[in-house]
Q: 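If you scroll down you'll find the structure; I have some questions about it.
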Amino acid sequence: MVNQRRTKLVLSLCLLLALWQCFRALMDGFGPVQWAPSLHIPAASCTIRPNSSTWFNDRYEAAVGLLLTDAAHELSSDVVQWWLTLQGPISGIQLQTIIRQLFTVLQAPASEMWDRPRCRTCAVVGNSGRLKGSSHGLLIDAHDWVLRMNRAKIAGFERDVGTRTTHHFMYPESAVNLAPGVHLVLVPFKPLDLQWVTSAFSTGELTRTYVRVKQFIQADRSKVLILSPAFLKYIHDKWTQHHGRYPSTGFTALLFALHTCQQVSVFGFGADSEGNWHHYWEKNRWAGAFRRTRVHDADVEFSIINRLADEGRILFYK
Ligand code: C5P
């Protein structure tokens with residue numbers, strides 16, 4: 001009897017969720033969704049932009065280019081010099097040739113297609129153990145875009161992390177296969193990363209960087225976006241201000257959202273209540289490598305995220 005009731009309740013909830021998703025899909029076609037539905041499922045909505053602070057204005061460059069284009073000459077020598085040393089010094093690289101080859105396999109971005117003046121709500125989902133037990137899944141899924149990264153897991157964690165993904169940020173060593181329609185967003189830290197994505201969508205000739213990497217990747221080739229090294233340097237210069245060697249994937253995804261979405265909600269960033277920096281799928285709280293790599297400055301990134309929240313630029317779910 002109790003089991004029957006429970007099954008009925010679960011089925012009703014599934015039905016409501018399915019109806020809500022259909023409704024959202026419909027409304028997406030008609031324009032901004034700016035109101036909360038009366039269902040008991042949370043909706044992300046755009047709020048009025050706060051006044052700009054000097055702190056924010058000193059950092060935010062609205063016109064910064066986010067994506068790598070086939071015009072390699074557009075990368076300044078400053079950017080190239082900085083980028084080529086991120087994962088050890090590199091010499092004798094023909095960057096122009098590498099980029100040209102890349103765009104024979106993938107489409108070069110025609111223009112940055114998020115300029116449409118509409119209310120786009122985005123959830124940036126970091127991999128922090130803080131998400132465990134959060135019950136944020138439905139709220140995350142209620143955003144237009146859901147940005148995830150690296151080895152983020154969904155199966156078994158739906159209640160806390162949601163089920164939808166529109167953009168998945170990765171680099172070769174953290175690559176995972178994606179469902180059709182999801183944007184693979186490559187965060188390139190070295191020329192080999194550009195060569196890897198070229199190879200993973202064509203010949204599969206590249207199988208090693210500093211570790212073994214995926215020979216081929218299952219992902220929608222027409223949806224691949226490659227972040228520009230200039231965008232990474234912008235974050236390093238203006239936001240983290242040279243703390244850490246370069247920004248973390250999560251912080252980069254957050255800045256991407258800040259430049260492409262009208263409302264940004266941030267989940268899964270920072271240590272848990274006991275100071276552990278593990279991932280939400282890891283049982284061993286000491287396993288989290290994020291803080292220990294010393295490549296990124298987790299404390300500085302975290303304090304910037306808090307400041308953005310304090311200034312009303314993002315909603316930070318802790
Ligand atoms: O560990 P990984 O890089 O895959 O995590 C994705 C992102 O989530 C990180 O780049 C970081 O910005 C964020 N993160 C965090 N706190 C953790 C783990 C990850 O803020 N405990």
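As the structure lists them, so they are numbered: ligands from 1, and atoms in each ligand from 1. Index from 1, following the sequence. For the numbers below, each heavy atom of this structure counts, side chains included, while hydrogens, waters and symmetry mates do not.
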Q: Just which atoms of ligand 1 are under 4.0 Å from any heavy atom in G126?
A: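 Close to G126: 8 (O).
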Q: Is the F269 to F251 ring centre distance short of 6.0 Å?
A: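 When the ring centroids of F269 and F251 are compared, they turn out to be at least 6.0 Å apart.
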Q: If you measure every N/O of R151 against every N/O of ligand 1, is any gap under 3.5 Å?
A: no
Q: With a cut-off of 4.0 Å, which atoms of ligand 1 are near a heavy atom of G270?
A: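 Per the distance check, 15 (C), 16 (N), 17 (C), 20 (O), 21 (N).
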Q: Measure the acute angle between the ring planes of Y246 and F189, then classify it against the limits of 30° and 60° as parallel, tilted or perpendicular.
A: tilted
Q: Give the atom numbers and elements of ligand 1 that come within less than 4.0 Å of a heavy atom of N150.
A: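 Near N150, the atoms of ligand 1 are 2 (P), 3 (O), 4 (O).
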Q: For a 4.5 angstrom cut-off between non-hydrogen side-chain atoms, does F267 reach V161?
A: no
Q: Which of the atoms in ligand 1, numbered in the order shown and given with their element, are less than 4.0 Å from a heavy-atom of S248?
A: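 Ligand 1 atoms under the 4.0 Å threshold to S248: 10 (O), 11 (C), 12 (O).
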Q: Output yes when the distance from some N or O of ligand 1 to some N or O of M149 is under 3.5 Å, and no in every other case.
A: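 No.
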Q: Given side chain to side chain donor-acceptor pair (under 3.5 Å), test H279 with S128 step by step and report yes or no.
A: CA-CA 5 Å; H279 298 128; S128 163; over 6 Å; no
Q: Is there a side chain to side chain contact (heavy atoms under 4.5 Å, CB included) between E173 and T209 once you walk through the steps?
A: CA-CA 8 Å; E173 298 81 11; T209 57; 2.5 Å; yes
Q: Would N276 count as being in polar contact with ligand 1, using the rule that some N or O on each side must be under 3.5 angstrom apart?
A: no
Q: For H242 and H236, take the angle between the two ring planes, folded into 0 to 90°, and tell me which bin it lands in: parallel under 30, tilted 30 to 60, perpendicular over 60.
A: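 If you compare the ring of H242 with that of H236, the planes turn out parallel.
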Q: Using heavy atoms and a 4.0 Å limit, tell me yes or no: is A271 in contact with ligand 1?
A: no
Q: Against heavy atoms of H279, which atoms of ligand 1 measure under 4.0 Å?
A: 1 (O), 2 (P), 4 (O)
Q: Between F216 and F201, does the ring pair (Phe, Tyr, Trp, His ring centres under 6.0 Å) criterion hold? Intermediate values first, please.
A: CA-CA 6 Å; F216 295 104; F201 277 103; 9.7 Å; no
Q: For F251, which part has a heavy atom under 4.0 Å from ligand 1: side chain, backbone, both, or neither?
A: backbone
Q: Short list, please: which atoms of ligand 1 are under 4.0 Å from a heavy atom of G250?
A: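 With G250 as reference, the close atoms of ligand 1 come out as 7 (C), 9 (C), 10 (O), 12 (O).
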Q: Hey, does F269 come in under 3.5 Å of ligand 1, counting only N/O atoms on both sides?
A: no
Q: Are R307 and D310 within salt-bridge range, i.e. N to O under 4.0 Å?
A: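 D310 and R307: not salt-bridged.
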